[in-house]
Structure formats: structure tokens, C-alpha cells
Amino acid sequence: MMRIGPLEVERRPDPPVTWVLGVSLLAILAAMAASGVIFWSHGVAPLRAYGVIIRGTLFNVRALPEVVRFAIPLLLAGVGLVLAFRALFWNIGAEGQILAGATAATWVALFSPVPDPLKLPAMFLAGFLGGAAWGFLPALLKLRLAVNEVISTLMMNYIALYLVSWLVHGPWKGPQMRGFAFTDEFPPAAQIPLLAGTRIHWVTLLLGILLAGAVAFMLARTRLGFEIRVQGESLDAARYAGIDPTRTTLLVMLFGGGAAGLAGVGEVGGIHHRLLDPNQISLGLGYAAIIVAWLARGSPLAAVLTALFLGVVFTSGDVMKVALQMPARVTDVFNGLILFWLIGSERALYYRVRWVPRREAPAPLPVPDAGAGSGGPGDGE
Amino acid sequence: MRWMRTVALVALILLFAVAGPGLAQAKLKVGFIYVGPIGDYGWTHAHDQARRIAERTLPIETLYVESVPEAQVEPFIEKLIQQGARVVFTTSFGFMDGTLAMAKRYPNIIFGHASGFKRNRNMFTYMADFYQIYYLNGLMAGALTKSGKVGYVAAFPIPEVKRHLGAFALGIRAVNPGATVHVRWLFSWFDPAKAKEATEALIAEGADVFAFTEDSPTVIQVAAKKGLPSFSHYSPMQRFAPQHVISGQLVHWEAIYIDFLRKVLAGKYTADNLQNVDYWWLLAEKAVELGGEFGVPINPVWAPKLQAVKVSTQEFGTVSVHDLVMRRLAQMSKKPVAFDPFTGPIRDRKGVLRVPAGKTMTVLELTTMEWAAPGIVGPWPKEP
Amino acid sequence: MEEWVLNTIIRGLALGTPLLWAALGEVYAERSGVVNLGVEGMMILGAFSAFALAQTTGNPLLGLLLAAGAGAAGALLHAFVTITLRANQYVSGLALTMLGLGLSALLGRRWEGLPLLETLPEVSAFTYLSLLLAVALWFVLYHTRWGMVVRSAGEAPAAVDTLGVNVALVRYLAVVFGGAMAGVGGGFLSVAYRPSWTEGMTNGLGWIAIAIAIFASWDPLRAVAGAFLFGALFHLSFRLQTWVAPEPLQMMPFAFTILVLAATARRGGRARGAPEALGVPYVRGER
């Protein structure tokens, strides 16, 4: 415990939610203040900038659907990553898993004999399996051959990218697209229904929320969840408890890859309605999902909130580009600053600050001379 | 203590929310949506330069957004309209469906889509194409190659690039019937490392003149380091290797923007009569220009060499390639256009007749072209 | 045939050099126990600062010096956040990448589209310097006390702490060194490999450098092999387009990497695994 003047600072391992939110909010404000320099250097008054951004995101009803639109894939991939990080599997491959899911769904939509009423469920299933397969390989390589997962998942991202690129330029290029690299548009039965007037493909959204709940339940109440949590705390403890790390890691990655795959299904089935240039599909969401998962600090349900938060951050970037006519890359600086402040404030989460002003030590009471000792407060018992 | 902080926070947010004045709208506001960064020194850079010229020339006010992913075009159009834009240009094929959807949703706003093919009563299409210029570049390349191998570093195998490659190859063969065009695909519009390695690969294969489709002067620089000439692409890149750039392709999107916006300001084009408006603008409309630098169709450093090579033609007899280029340029630069590179009979590299004798390719055929012209060597995805 | 081999080697050296610098830096950082996924951000900051200074002063070497500083500055931020504040290293690296890409693009606006007047040749004394540097770094890592300290900070920080080594300082130095190396690697791109500046011009090479560091099992000599191999394969993916369809060729360097990793995994030899404490913030007194 430390004293800084009238403030008492002591460690607290289990901060309440309000403290977490409060500290995070302060961090974001600090980041915004820091980015004021950027605004100012582009000839935009910082206060005006903040006003425009806040009005354009939090207070703009029309901005909310866009926030949710981004939150959907971030939530799905994020939940998968929450689980992966819990098991200490550093999955950088969500981008590739999103693409794998999108590809599988496209095959179902355009080239499979599945009858129309079953198309959507089949797409989701295929997408989950595709993403799971993409996550399975790096997991297997790590467990059987000790191949570091950062590099294997990263390589799988590139492979997925070029695979999709090959498909849309070659065998799957749509005859209706006049030679451009897109597949034909999905038939209506293969398009995920949207909430009227928005681009929110609510089926995928629902799926994401259900998945978050299911994972939370699994972690808290099932044996597998217990095993994953123990493994995340200490591999040694897991081993002593007889937990097979292979099995838990594989299951976690199958699920994580599958969840990211579902995000991919949502993108091609709900937003694009076709397979196209891979960078346009994954949009860096796989990396953003890492942030979503980290901010959720291990809680799948919190991922719902952090996904929305990142949706707001993305939308604020868009507002900056249009309303303030700022160059596109300013969003990277903005997001990077926010992230750094949030990361940096993490330590502050585990401390408690209390206002405890020093009290004047009361004057010693006169004590009648009784035996030895000077007597006074705090002297002996 | 905690409640004080919360109150302060809420007050802060409220303060920001009411700050910020609105602007009165006087001039016509025009919005531009770009797919890449304006610093790309290629497609988006050219559109942005055109935007600035249009803003200086006409009584308009412009807004732009760069690096918009294709699926995000709708919310950005929405935002531009909220900012007061009454005309919106979207500059990438991938924006097509999104632009059309917004055109239907906002029937009073005028939309323009570059390089696409879907229109609406309030949405027109426009394109400035290079195929004539590539033909002229090909004439020069064919004359200057000593090894008979010309290199082309290509971005994506889509009709636009294939058409340019085709025109380039036809030009080369018109002057040097035995020469070949070697193509390498980058699968990216912007990737300096790939462009570099592809050029090096072509050099290793013996190519000694280069053209390319990539948004950076990498190919020019790589070729120049080995003392090899090349053609500039899209933006004036002659300055990157003043001794080694022969010519190139330049674009003037402002020709289209100014023409269209003038008609909008004059009331000739409204949000109701654009269904059949399609700008397919070429040399004659001044939407494109031959050269590696504005106003310099052929680099003077290379003019003597081009004058030294003679070819015999049906139309002009025996002329130097330099003269041939300038004559063809003149023929294509005024209406009625007297020459088209894609005039039949033309067979593709497999021998299949693609353009019958006496006919030229229609705009539809040009924009959906997948076949490879004779002389092209290398992989050709989706070859019919 | 000879021409093929010679050409491929030269191309491998050309692209491999910037990759090698960045990979060597990451090797040291990760050896000390800190993952830095911000290599892309540091490389691009280096590319921009090198170009800007080289263009202004006409001296590309000065540019490289500034690039080292820029990369080191970025790495310092990452070090502070991950070592002193003990935050998650993976996320901090991602934030650094974002910040680097964004800052370099914003600051670099007025340098776009300009050719560099004085450039460095791409395969030259600099390349050989890089090879020597790799050997020197290898020697330092395995045969000197300094190297031992760095490695122990990554393998068993608690043990080394009791011996009086300041683990935090060692990690700071290793990470900042890694940043400087990545900055020079990026500077090499804009000053020698492809002399000009465009935003985002590293285009993923920073991630490749991280992969090379891991591929090399955190050994500087293996990093040399990895970097040049990747450069060669990258070049071949264009050279071979005459005979093989381009799309599978694009995948080739990456698929090859995984295959090699899988194939060589079970062999013995030097320690293959990651440093034990990699990615874990060190807290004195805990565990």
C-alpha cells in the first residue's frame, strides 16, 4: 500500500465493473486528448472534432446500425479468440479463418445441390466447419510438432488470402460480373435477412450472442470449461490435475476457428452477397477481434460489449474521414492511441484509490503516573 | 467521490455534443468516394487531382473520402449526403451495387459510377480508357526492343488490364511481327516488392522494354537501374527515370468531371435523365493523353531512336515509327476517329477469330474482353 | 541453369536484407522474453524517416540512422507498456503496428510521389555488412556473457533476477535494439530496394520478418537462411509464372514455410522451443 498525499493506493485483485469502466473511460478520454494534436495539425480545432465525432457516433441514430454491423463479425471472431486466449493459444489467424468460412458458405450458396429452404443453415454449418478446419491445422502442428502458433496461424492467413484470390479470379469468377473478380450474386435463398433499412444481418447477430452465452456457460459450468480455465492459469497445474492439453487446445481451436468462420459467413451472406477480393471480406476484422477479445478480459459475455465498443471506434473513424475531411490513416493513429492508453491503464485497474486525509494525531491524554512507562496512544497494548 | 467524477464526465459529453456550428450551403456540393489513398500515385491520385481541378474551374465545393472498402460505400454515401452533397462520384467497380442501391434510395441525388455498367435515372457511368494509348506505346516498344521480348507487369486479370495488354501487343506486332510480350501477374494494384521481383524475373528472361499496371513507379526504377527503358503508367512518372522513360499513359478525369458538372449546373443533366448517360471517353475527348509527362507525348531522349526505325504500312507507305505514332495519335485524337487498334481481322493467341474483318470491337466487347492477343506469352487466367 | 541460380541468389539477398535486419531485431527481443508484433509499424516508420531525411539531405546513410532511431522510439513505447506496465504484449504490438502505419502515412503525405535522388545499391557492401552483423549477433547471443544474460531473461527471469541482473533493463535494451533493427530494415526498403515513399509500402513485410524470427527458432544464423530463402522464394513465385499458374505460386512461400517447420520439427539439435518466459510479463516476487 502506498500513500500519495491524501490518497491511499493499494492493490486489489478483483476490481468491480464500475471501476473497470471508469478507468477505461478515462483512458479513452486521454487518448482523445492526445489525438487532439493530430486534429490541430490538420487545421481542425480539437474541440470541434470531438463534438463532431461524438455527435456522429453516440448521438446519431443512423450511426447505430453501422456500429452493430461491425460488431457482428467482431463478436463472433472475438468469442472464439476469448476462448483461445484463455487456453493460451495465440491465434493470429482469425483473418484466414473468416475467409475459410466465407469460402465454404459461398460454395454452398452457389455450387452445392442443397435445396433453397436449407441453404442458410447449410451455409452456417459449412462456414463453421471451414473455419474450424483452418484453425485445426495450426493447433495440430503446435501440439504434435511444437510449431509456434503465431507463425502457423499467420501463414494460414496468407494461404487463405491467395486461395480466395484464385477462386474469384478463376474457377468461381461469375459470368455476370463482366470479367471482374467477383462470384455471381448469391440467390435470394442464400442471403441472410437484414433488419429493415439497415445492414444488420440479425440471424448472425443472434448467433453471436447465443454463442457468447453458450461459451460463458461452458466455461463456468462444464468440466471442459474447468479444464480450459485451469490450463490457462498454469500448464503445470493442468498436468497434475490429469488434464490433457492436446484435447482442450484442439477443441478450443476448432471452436475458435469455427466461430471466426461464422463471421465470414455473415459477411458474404449478409453484406456482400458474393465472394470477392479477400481483403474486402476480412477487412482486418481478424486483427480487430484480437482487441475485442483482450478487452473482454476472458469473459465471453463482455465480448458483446467490447465488440460494440470497437464498432463505435470504427464508426468514429468513418465520421472523421467524412465530416472532418481527414485522411484515411488518421483512424489508425486514433485507434492506436486509444489502444495504447487502454493497455497502459490496465495496471491501474488492479489498484484501488481511496481518499484518506491525514488526521491530526490527538494530543496525548494526561495519564497519572502509574508505574513505569510513559504511556500514550499506541504504546503497548 | 465517484459520483463527482460521473457528473463531470456527463457534463463533458454534453458540452461536446452541443459544440460545433453548422455551415450554410451556398455552392453545389460534390462528393467523391475513393477506393484507395490519394497518395497512391495511380488511380485514386488521378481522380483526386481531377477533383481539385474541377473545384478550381467550377463554382462547386467538393468533399472526398479515401480508402473506402467496397462494402462500406453505402454508409459513406449516406454520410456525404448528410454533409450536403448533391452529386456523388464513386470511383471503383466494386462500388457498383452499393451506389445503385443508394441511387434508388435517394432519387434526388445524382450519382456517377466509374468503370461500372449499371445505371439508373439518377445514376450514370463513366470511364476514361487507355487502350488507344497502349497501342501507341506498343508501336514504340516494338521498335525499341532489341531482344524481341517486351515485359508487362500486370495487376489483376480483369478485362481492363487484358484489353490494355491486348492493345499493347497489337501495337508491338504491327511494327515488330516476331516480338513477344511476356506478362507477370501481381494480383495487387499496389505492391512495390512484388512489382520489383516481377520486373527482375522478366529481366532475367530477357525482356528489355517494360510496361505495367501497378500504382507505383517501381517497374520504371527497377528497369532504369539495369539501363532498360519503360513506359510510365497513370501518373506522370517520367521524372523517376528521365533518361529511361519512353512515353506512357496519362489520364484527365477532370475532362469528364467538368463536362458532366457543367451540364448539371446548366440544368441539362438532372436526377431524372441519366439512364443512358455513359461516358466512354478516350483520346478524342481529351480524357487521356499519351506521354510520361504532361505535354510530352514522346520523351525527346528517345525520339531519334524512334525516327531511325522504319516500317512499311499500307496506309502511309514507309515511315519511321516516330511518324507512325504521331499520325495514329492524330487520327485517334479527333472526331470522327479514323483508326481503332481493335479493327478486324484479329485472332487471339490460340488462333480463334475474335474480331471479323472490317469490324471494330464494340464497347461491350471491349469491357468484357477475356482473350489474349497474339504475341502474349505467359499465364492468362480465365482464357476462353 | 547457372544464370537461374545466380539470379535467384541475388534476388534472395536483395529482399532478404531488410527482412533479415527486422528478423534479427525480433530474435533478440523475443529471446529476452518480449513478443513484439509491432515490427510492421516500426519498419514503416523507419522507411518513412529514412526517405524523408535522405531526400532532404541527399545522404541515404543518414536516413538509415534516423530510421534506426524511429524504430527504436516505437519499440520504446512498446517496451514501456509491456515491461513497466506489464500489459499484454500481443495487443501492444498490434497497437504499435496501427500507430506506426497511421503516423507514417500522415507525416509522409508531402513526400509521396517523389523520386529519391541519392540511393543505395541494393546488393552491396550493405548486404555483406548485414551478414557479418548476423554472425556477430549469433556470436554475442551464444558465446558471450551479454548474450547469456539476454537468453536467461527470456528463459528463467526469476533465476537470473536473484543473481543480480536487472531483468527489466535487459528486456528494455533488447526490445529497443529490435526496434532499431526493424527501423533500419524498413529504411533499406525506401532508400535502396525501392527508392521512394508511399504509405503502407511495407505491405506486410514486417509480419514476414516476425515469421522468419520464429522460423529460425530464434537463432540469428538460421534467420539469415530464413530471410534469404524467403526472398528467393518470393522472387521465384514470379520467375516460375512462365510454367506454373500464378495463384498457387503466390501461396508457395507461405505454404513452404509451414511445410519446412513441420518437417524439421522433430529433429534434435539446438533448442527448438520458444524462450520459456516469452510473452509473459515478469513480476518480481511472483512465481
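So that the names make sense, note that chain A is the first sequence line, chain B the second, and so on, each numbered from 1.
For a residue to count as touching a neighbouring chain, one of its non-hydrogen atoms must lie under 4.5 Å from one of that chain's; by this rule B:Pro157 touches chain A with backbone and side chain alike. Contacts between A:Phe70 and chain B at a heavy-atom distance below 4.5 Å involve the side chain alone, from C-beta outward. Only the side chain of A:Leu276 comes within contact range of chain B, with at least one heavy atom under 4.5 Å from a heavy atom of that chain. Interface residue B:Tyr64: backbone and side-chain heavy atoms are both found under 4.5 Å from chain A.
You'll find the side chain of A:Arg329 stays beyond 4.5 Å of the side chain of B:Pro37, heavy atoms only. You'll find the side chain of A:Met177 reaches within 4.5 Å of the side chain of B:Phe93, heavy atoms only. The shortest distance between side-chain heavy atoms of A:Phe182 and B:Glu70 falls below 4.5 Å. Annotation: side chain of B:Gln72 is in contact with side chain of A:Glu66 (closest heavy-atom distance under 4.5 Å).
For the atom pair CE (B:Met96) and CZ (A:Phe180), the distance works out to 8.0 Å, reported to the nearest 0.5 Å. Between atom OG of residue B:Ser92 and atom CD of residue A:Gln280 there is a gap of 7.5 Å, rounded to the nearest 0.5 Å. Atoms CG and CD, on B:Asp97 and A:Glu185 in that order, are 6.0 Å from each other to the nearest 0.5 Å. In this structure, the separation between CH2 on B:Trp189 and CG on A:Asp277 is 10.5 Å, given to the nearest 0.5 Å.
Taking all atoms of both residues into account, the shortest heavy-atom contact from B:Pro159 to A:Arg178 is CG-O, 3.2 Å. Nearest heavy-atom pair across B:Ala71 and A:Ile271 is CB-CG2, 3.9 Å. Here the shortest heavy-atom pairing between A:Gln325 and B:Thr62 reads OE1-O, 4.5 Å.
Other residues, nucleotides and ligands contribute more than 12 heavy atoms inside 6.0 Å of the CH2 atom of B:Trp371. Counting heavy atoms of neighbouring residues, nucleotides and ligands inside a 6.0 Å radius, atom CH2 of B:Trp380 exceeds 12 of them. Crowding of B:Trp280 atom CH2: a count of heavy atoms from other residues, nucleotides or ligands under 6.0 Å exceeding 12. Applying the 6.0 Å contact sphere to CD of B:Gln82 captures more than 12 heavy atoms from other residues, nucleotides or ligands.
Under the 4.0 Å criterion applied to side-chain N and carboxylate O atoms, B:Glu370 and A:Lys173 are assigned as salt-bridge partners.
Annotation: maximal heavy-atom pairing with chain B below 4.5 Å, among A:Pro327, A:Ala181, A:Pro171, occurs at A:Pro327. Contacts with chain A were tallied for B:Gly39, B:Pro381, B:Pro75, B:Pro69; B:Pro75 has the most, counting heavy-atom pairs under 4.5 Å. The most heavy-atom pairs under 4.5 Å with chain A, out of B:Ile33, B:Val65, B:Leu63, B:Leu364, come from B:Leu63.
Although no hydrogens or angles enter the test, the distance criterion places no donor-acceptor pair under 3.5 Å between the side chain of A:Arg199 and the main chain of B:Glu74. Within the 3.5 Å criterion, the main-chain N or O of A:His169 finds no donor-acceptor partner in the side chain of B:Lys382.
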